[in-house]
Each structure stands twice: as C-alpha cells, then as structure tokens.
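Read through the structure below, which is laid out as structure tokens, and then see the notes.
Heavy-atom basis, side chains included; hydrogens, waters and symmetry copies ignored.
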Amino acid sequence: MPSYESLPRDGIFHAVCPLDCPDQCGLLLHKKDGKIVKVDGDPEHPVTKGHICNKVRNMAERIHDEKRLQYPLKRIGAKGEGRFLRISWDEALSNITDHWKQLIQTDGPESILPYSFYGNMGRLAAEGMDRRFWNRLGASRLDRTICNSAGAVGYKYTMGGSFGIDPEETIHTKLFIFWGINAVSTNMHQVALAQKARRENGAKIVVIDVHKNQTGRLADWFIPILPGTDSALALGIMHILFDENMVDEDFLKKYTVGHEELREHVKQYDPATVSKITGVLADDIYGLARMYGSTSPSFIRIGNGPQHHDNGGMFVRTVSCLPALTGQWLVKGGGAIKGNSGYLAHNAARLQRPDFLKNKNTRSVNMNLLGDALLTLDPPVKSMYVYGSNPAVVAPSSGKVREGLAREDLFIVVHDLFLTETAKYADIVLPATSSVENTDFYTSYWHHFVQLQQPVIEPFGVAKSNVEVFRLLAERMGFTETAFTETEAEMITCALDNPRNPYMGNVNYEVLAERHYVKADVKPLFPGRLPTPSGKIELYSERMKEDGYPPLPTYVPLVEDDGEFPFQFVPGPNHNFLNSTFSNNDKHVSLEKEPRLFMNCKDATRLEIEDGEHVRVWNHRGEVELKAAVGDSVLPGVVVTQGLWADEAKKSGATVNTSTKYLVNSLTPDRIADMGDGATFFSGRVAIEKLNGM
Ligand SMILES: Nc1nc2c(c(=O)[nH]1)N[C@H]1C(S)=C(S)[C@@H](COP(=O)(O)OP(=O)(O)OC[C@H]3O[C@@H](n4cnc5c(=O)[nH]c(N)nc54)[C@H](O)[C@@H]3O)O[C@H]1N2
Ligand SMILES: Nc1nc2c(c(=O)[nH]1)N[C@H]1C(S)=C(S)[C@@H](COP(=O)(O)OP(=O)(O)OC[C@H]3O[C@@H](n4cnc5c(=O)[nH]c(N)nc54)[C@H](O)[C@@H]3O)O[C@H]1N2
Ligand code: SF4
Ligand SMILES: [Mo]
C-alpha cells in the first residue's frame, strides 16, 4: 500500500501521463493545499521536453471533478438508468465475492468474464494484480484485441516483433511518411521531431490518409487514398523501386529473405492498376516511389488507422517491408515505427502469473465480439467485471453490446473513476483512484523510456487502485498465495527483472525512484539478427504460409459490408478526447464542440446537404445524428467522423434519461480483421440523409 501520510500539501511533483498514447509524457504537477492546480510538461524529460497536449493540460479538472466516483454504489434502478445507492467497501466486496462463489459452484469459473483495457497504461494497473487474480480464479480469458492486434501480428511476420527505430533519431530524417496516423492529435512529439528536421535539414513531410485532418494540413504533400487500399499503394511503390533499380541490393541480400520472389510478385502491381484500386493518381504513385527511393534517411510512421480494417494485418505486414527495399534500417534516422514495445518488455510471467491458471483450456473471449459473447455464448457469461475501459461506448456494434449489458441475469461490476455509460449497467460500481494517487511503472510503446509514478495526492473519497481492489478480492476469495499480498514496489521489482530482455538491464525500481525516467539500453536493429524464424526481414514468410496467408505481401480487398449502403464510414479518435476518456469533461467537450461528419461536396450536393446541417447516418446496425462538415477533406464516397462521444443528456424526462444519437459504434462492424483477431471499426458502410427540421 502506498503511504499517503507523508505527502506534502504543496509543491511540484513528477508524474507520468497514464493515457493510452505513444508519447507517454513526463509531467510536473503543481499542488496547492493538497490539490493539483496545474499540469505542466516536465522540461527535463529527454523526449517530451516539457510539451504536452491540451487534453492533459486540462487534466486537473478531471482529477478533482466533483462528478468523480467517491464511494462504492449498488444499483437500485433499471440497468442503464443510472440510479444507485451508496454502500461500504465491505458490503460491495462481500456482494461481489458471494456472487462469484455461488457462480463457481453452479456454473464454474468461466461464467465470469473480466473486461479491461488501457484506460490507465500503468503496467500494474492494466496487467498486474488483476491478471494474477483472474488466472487464480480460472475466469474466462479476454483476448485484448480492440486496438492494434492486427497490425502487431502483421508487423511481427515481417520484423519478428514490436521493434522500430529510436524516435529521437528522427531529427536526422529527410523524408517522413505519416501513413494512416493522425499524429498531430495522437503522437504530437513525433510531429515536433519532424518539424525540427524540416526546419533544420529541409526534411519533407508526406501524409497518406483518407482524411485531410490537422496532420494532413501540415504536410508538404498530402496524398488522399480510398479506405482499406493502402497495401496496394505500398506494392505499387515496390513495383517502381524494383523496376527503376532504386533498391539496395546489398541490404536485400544480407538482411532479407524472399527479395527475388517479391521482385517477381510486385510486377502485377503496376501504377495504372494500383491507381484504380487506391484512387491515387498514377503520377503521384511514381512521384512518391521516386521520392522514397532517392531520399535517405527516410522514415515511415505506421499508424493505427489502416489496420482497423478487414485487411489491416496485411497492410502493416506490407508497408513494413518498404524500408528493407531501400536499405533504410542501416541509416541513422531511417526505417519505420509501428510500435516499439518489444524493447521495453518486462517479465510478464512474474507479474501476471499465468502458472496460476490450472485449466489450460480455459476459454478465451475476443473483446471485439463482446456483444455476441454476452448474447450467445454457451455456456453463458453470468458475470462481467469491467475496469480501465468503457465498452458501452468503445466496443464495435454497440447495439449488441448494450443489449448484452442489459441482460437481467448478468451480474456486472464496473471499477472506474466515473459513472460511465458502462457503469450505468452495473450492479455494483467501485470508485477507482487516478494514476497520480498510485504507485506504478510505465513503458512507452514509442520512445525508449521507462518511468515511475508515485502518489502525488491522496485517494479521492474512498477510491482504490486496481491493484488494491484485486488484493482485497483475492483475500475474500480465500487465495493465500503470497503473490496477492505483494506491495507495488515488490511487483515492480519482479516485473523489471527480465533476463530475456537484453535492453533493460539498467532499469530497476531503485534507479527509477531516484531518476523518474530511465532510457533502456537499446541497440540499432542492424547489423543484427531479428527474432523472425530466419533472423532476417521476411519479405517472403514461410510462417504466414503455414498460417494460411499469402506468404508475400498482397492486396486483399475489404469484405463486402452487409446491405446496400453507399458510403465508407471511418469513425476515428478526435483531438480533445482520448477514446471515451474526457468525453464527460466539460472543458474537453467545449473544445471539441459537437461531432461532425466530414463529407465531400459532390456527395453533399447530390444529397442536398449543406455545410452545418444535421444528418442522419445509418446502416442495418444502428443510426446516429451528426453535423455535416462539407468540403474536400475526404474523397467522394467516403465519410469520416471523429471522437467517441458520451451519451447525450435527454431534454425530456424519459426513464432512460440519455440519448445515444452520437454513439458511432452503433454503426461499426464486429467482423474480425485478417490477423490478430483485430477490430474493423473503419470497414463499415452507411447511408446518409438530411435531418428534417434541423
Ligand atoms: N487525441 C487523441 N489521441 C489518441 C487517442 C485519441 O482518442 N485521441 N487514442 C489513442 C489510441 S488508443 C490509439 S490506438 C492511437 C490511434 O492513433 P492513430 O495511430 O493516429 O490512429 P487513428 O487515429 O485511429 O487513425 C489514424 C488515421 O488513419 C486514417 N485512416 C483510416 N482508415 C485509413 C485507411 O484505410 N488508409 C489510410 N491511409 N488512412 C486511414 C484516419 O483518417 C486517421 O487520420 O491514438 C492514441 N492517441
Ligand atoms: N469507433 C471507434 N471505436 C474505437 C476506436 C476508434 O478509433 N473508433 N478506437 C479503439 C481503440 S484503438 C481503443 S484502444 C479502444 C479504447 O477504449 P477504452 O480502453 O475503453 O478507453 P477509454 O474510452 O479511454 O476508457 C478507459 C476507461 O478507464 C477508466 N480508467 C482510467 N484509469 C483507470 C484506473 O486506474 N482504473 C480503472 N478501474 N479505470 C480507469 C477511465 O475513466 C475510462 O472510463 O477504443 C476502441 N474503439
Ligand atoms: S495524452 Fe499523449 S501527448 Fe498528451 S500528455 Fe499524455 S502522453 Fe503526452
Ligand atoms: Mo488504441
């Protein structure tokens, strides 16, 4: 248990941004009379250098928001209605464990389903004591596939794991390609590095996206592309690189397998064919390939957008072959980043204790199929425990998800800082501490620093951390293993002791406690051996063939979405929220105003929709109402919206006093992507019409 008695009431304290964002900024919290009054960037942090985003600059209001949950609650109204009664921790915990003990007797432990994601990226909060507990309980396993699993698998086939270049080296880069990443909003320090390289070395910034958003607007060259066609563009670039002898033959021979097969294979992806698939002009495909083939160092920042499609794994697999063709991995500032979490891998077995799970055949539930899991799984899920996530808003096909959550016989517990949309369906709600009330360690999936958070303020009300709640649940379930009584410091010490990771030898609890952040001792990938079967970059992958995929990078069209809906629908994140986090904070909502639907003027004219008018957007899964933003930021046939918005308060006094008119996930498919059982949020289709009387 962290000690709060010795916390000074005033001063400036180190902190780590806990949000699911690659930048993982170092923060300085200004505290007065026991409260945080200001959040600043830590100017000493070597990568983030004192700059932070607007979302977190306004974080103090969220931490001290009077809407925060202070006490455990028991539901007294209908599911989803939001009427609760205050109860004690003792009553809440007994209620939960009594239920579970009963369920284990009647239905077995797999009738209990944990559901969590990275609302707090702290390794202990997100995958520490909780995993020990679920393993020991024998609950159904959760396949955490909602974010980047398709892309991670695709990248692994090519490169062997989550290993890119050190982003700090991109100050040397001469060509940046931001491919399907809205980096101004989602990786702002990579943009800062690119702008520095542009100022100091004349670097060029190219953005390839389906939406000319804030990132596209700062590019030297913005290339609009049709959704889900990026593999074809990458293959077209390869076609030209081979055809015009712009490949690095030495690098290909030494460090890759399959370059001869690839050379033959990409002949079919000529610029005319690729142009038809992607909507990118053939001249632009030539221009881009020649720029890529003749500029060094060049760097591709591979985003999450294109991998939220049916063919997302193959996209990442394909684009990650490009730097090998031009030998960029040997050049400082050359190469790519999809993610860098491989370098900071901790000892997950020691932290999570998979050995506690006795039944190795325990079922696994794909979180992207939550609706189906709650409605149709046999034997059924009888209880669900949610933490660090808000599935009623963020999970695909939310109509089904909410129908499942509304099941009267489903005993739901939600642990969160706020009474989220999901929490409104809970039988028991538990109040969570914010990250700055806890001890935890953080590992970025972009830069190479490990950071430590120690309590800066006391818990809000009687809120408890994830670690503490699972300790208490373990005690009540009668689990006697010492793993359930370890302190945070002990857990961090064992997690950082990872002999299998050669880069982290210099990182331990004591060093972190002294310095706040420590850079892992990462060496360049090349010359070297990758953790692929061949030890090389696998342009041809035997493993993919064994797994039933084409062994060479290939363009596979999107799956036909059900029904006759004319528009491709891309509902991504927005600038001022982080997924659904901040969608309930007045400041952030006022900055974002209201959700918009970006559409092309040609489509708008045809449908007689004017800029600023409200439209109904629907398909066979659901419908929403958005404000049209008409212009040329998207291609004809494509519509984009941004942000996972909170349920709207209803003006009239209906029983369920909120409306789901902004719930974009009511439209998204819960089909599974080609790899990693990933999500396909951006592969759905919709129809649009003007809303009368608006
Ligand atoms: N401000 C803010 N920052 C965030 C988040 C947030 O919600 N808000 N969320 C965090 C999380 S969890 C994640 S995973 C990351 C995600 O951040 P990013 O990696 O930036 O991913 P997205 O924003 O989902 O999509 C990136 C871009 O891909 C585009 N796109 C969609 N489909 C395609 C396609 O087929 N081809 C191409 N070329 N582009 C396409 C979208 O228009 C969008 O501009 O951001 C993190 N950071
Ligand atoms: N349409 C559409 N849907 C998407 C996406 C998209 O681009 N488009 N993006 C997808 C992606 S990439 C992701 S990663 C998911 C993310 O989806 P989620 O992981 O659900 O992320 P958030 O909506 O931020 O919800 C996090 C919740 O955790 C809570 N929380 C924060 N800290 C703690 C803590 O320490 N303990 C506990 N118990 N709770 C805590 C917060 O208050 C918040 O309610 O959304 C996915 N959904
Ligand atoms: S959300 Fe990202 S950019 Fe903003 S403070 Fe956190 S880590 Fe930094
Ligand atoms: Mo994500």
Side-chain angles (χ1 to χ4, degrees), residues 17-25 27 39 52-65 67-69 116-121 126 146-148 181-189 191 211 213-215 303-305 308 386 388-396 398 401 416-424 432 434-435 569-598 617 624-627 629 640-649 658-668 679 681-682:
C17 176
L19 298 175
D20 188 351
C21 168
D23 301 51
Q24 202 152 93
C25 293
L27 306 178
V39 180
I52 57 171
C53 67
N54 223 10
K55 306 184 283 294
V56 171
R57 198 165 282 292
N58 294 308
M59 185 80 143
E61 287 165 43
R62 182 174 167 86
I63 292 171
H64 297 291
D65 192 329
K67 293 197 297 293
R68 252 187 84 177
L69 292 167
S116 73
F117 212 64
Y118 292 87
N120 173 357
M121 288 290 290
I146 205 164
C147 179
N148 71 335
I181 181 166
N182 182 9
V184 168
S185 300
T186 65
N187 189 193
M188 63 178 268
H189 296 89
V191 173
H211 182 208
N213 50 34
Q214 46 277 56
T215 308
N304 234 32
H308 270 158
V386 182
S389 184
N390 185 12
V393 175
V394 309
S398 41
V401 171
D416 203 296
L417 287 80
F418 290 89
L419 194 69
T420 59
E421 289 76 0
T422 311
K424 288 191 178 153
S434 75
S435 66
F569 178 61
V570 180
N574 66 8
H575 190 72
N576 291 294
F577 305 167
L578 201 125
N579 302 318
S580 76
T581 299
F582 301 121
S583 69
N584 58 347
N585 294 108
D586 297 343
K587 177 83 188 186
H588 298 76
V589 174
S590 71
L591 289 167
E592 204 59 51
K593 296 193 185 73
E594 88 180 277
R596 283 167 298 165
L597 186 76
F598 297 91
V617 186
V624 298
E625 293 174 22
L626 304 169
K627 183 176 172 170
V640 169
T641 184
Q642 294 182 321
L644 295 169
W645 291 72
D647 288 0
E648 265 280 277
T658 53
S659 128
T660 53
K661 70 176 190 181
Y662 294 158
L663 183 60
V664 293
N665 274 321
S666 63
L667 300 168
T668 51
F681 289 109
F682 302 163

Original post:
Just by modelled atom types, is the T641 backbone N or O under 3.5 Å from a matching donor or acceptor in the R596 side chain?
Top reply: no
Original post:
Below 4.5 Å, heavy atoms only, C-beta onward: do N304 and I181 meet side chain to side chain?
Top reply: no
Original post:
Got a sec, which residues hit ring-ring contact (aromatic ring centres under 6.0 Å, His included) with F569, two or more places apart in sequence or on another chain?
Top reply: none
**OP:** Ignoring hydrogens and angles, tell me if any N or O in the side chain of H575 forms a donor-acceptor pair with the backbone of T186 under 3.5 Å.
**Re:** no
Subject >> Side-chain donor/acceptor of D23 to backbone N/O of C25, under 3.5 Å >> reply: no
Original post:
When rounded to the nearest 0.5 angstrom, what is the spacing between CD in E592 and NZ in K55?
Top reply: 10.0 Å
Original post:
Do side-chain atoms of T215 reach the backbone of V184 as a donor and acceptor pair under 3.5 angstrom?
Top reply: yes
Original post:
Is there a side-chain contact between Y662 and E625, using heavy atoms and a 4.5 Å cut-off?
Top reply: no
Subject >> Any side-chain heavy-atom pair of N213 and Q642 under 4.5 Å >> reply: yes
**OP:** Please confirm whether the backbone N or O of N574 pairs with a side-chain atom of S185, one donor and one acceptor, at under 3.5 Å?
**Re:** no
**OP:** Calculate, to the nearest 0.5 Å, the distance between atoms CD and OG1 belonging to E648 and T658 respectively.
**Re:** 9.5 Å
Original post:
For S434 and R68, what are the C-alpha separation, side-chain angles and deciding distance, and is it a side chain to side chain contact (heavy atoms under 4.5 Å, CB included)?
Top reply: CA-CA 10 Å; S434 75; R68 252 187 84 177; 3.8 Å; yes
**OP:** Specify the closest pair of heavy atoms between L417 and A432, including all atoms of both residues, with the distance to one decimal.
**Re:** CG-O, 3.5 Å
Subject >> Contact summary for E421 and A646, nearest pair of heavy atoms >> reply: OE2-CA, 3.2 Å
Original post:
Do N58 and L591 touch side chain to side chain, with heavy atoms closer than 4.5 Å?
Top reply: yes
**OP:** Return the minimal non-hydrogen interatomic distance between A392 and L663, and the atom names on each side.
**Re:** O-CD1, 3.7 Å
Original post:
Does S398 reach the main-chain N or O of N665 with its side chain, forming a donor-acceptor pair under 3.5 Å?
Top reply: yes
**OP:** Output yes when a side-chain donor or acceptor of S116 lies under 3.5 Å from a complementary backbone atom of G388, and no otherwise.
**Re:** no
Subject >> Stepwise side chain to side chain contact (heavy atoms under 4.5 Å, CB included) test for V664 and L644 >> reply: CA-CA 7 Å; V664 293; L644 295 169; 3.9 Å; yes
**OP:** Quick one: closest heavy-atom pair of V39 and A60, and the distance?
**Re:** CG2-N, 3.9 Å
Original post:
Do you know the tightest heavy-atom contact between S435 and N120?
Top reply: CB-ND2, 3.9 Å
Original post:
With a 4.0 Å cut-off, would you call K627 and E594 a salt bridge?
Top reply: yes
Original post:
Roughly how far, to the nearest 0.5 Å, is CG of N182 from CG of N187?
Top reply: 10.5 Å
Original post:
P571 and F682: which non-hydrogen atoms are nearest, and at how many Å?
Top reply: O-CE2, 3.0 Å
**OP:** Check whether any side-chain N or O of H211 sits under 3.5 Å from a backbone N or O of V570 as a donor-acceptor pair, and report yes or no.
**Re:** no
Original post:
Side-chain contact, heavy-atom cut-off 4.5 Å: S666 with V624?
Top reply: yes
Original post:
Is L578 close to D20 at the side-chain level, that is, under 4.5 Å between some pair of heavy atoms?
Top reply: yes
Original post:
Could you go step by step and tell me if C53 and M188 meet the side chain to side chain contact (heavy atoms under 4.5 Å, CB included) rule?
Top reply: CA-CA 8 Å; C53 67; M188 63 178 268; 3.7 Å; yes
Original post:
Going from SG on C147 to CZ on F681, what distance comes out if it is rounded to the nearest 0.5 angstrom?
Top reply: 9.0 Å
Subject >> Nearest-0.5 Å distance that lies between atom NE2 in H64 and atom CE in M59 >> reply: 11.0 Å
Original post:
Side chains of P22 and H189: closer than 4.5 Å at any heavy-atom pair?
Top reply: no
Original post:
Any side-chain donor-acceptor pair under 3.5 Å between S580 and N390?
Top reply: yes
**OP:** Can you label the angle between the H588 ring and the F582 ring as parallel, tilted or perpendicular, going by 30° and 60°?
**Re:** parallel
**OP:** Starting from the C-alpha separation in whole Å, work towards a yes-or-no answer on side chain to side chain contact (heavy atoms under 4.5 Å, CB included) for N585 and F577.
**Re:** CA-CA 9 Å; N585 294 108; F577 305 167; over 6 Å; no
Original post:
Does a side-chain heavy-atom distance below 4.5 Å link V394 with I146?
Top reply: yes
Original post:
Just by modelled atom types, is the T581 backbone N or O under 3.5 Å from a matching donor or acceptor in the R62 side chain?
Top reply: no
Original post:
Looking at CG of L597 and CG of L626, how far apart are the two atoms once the value is rounded to the nearest 0.5 Å?
Top reply: 5.5 Å
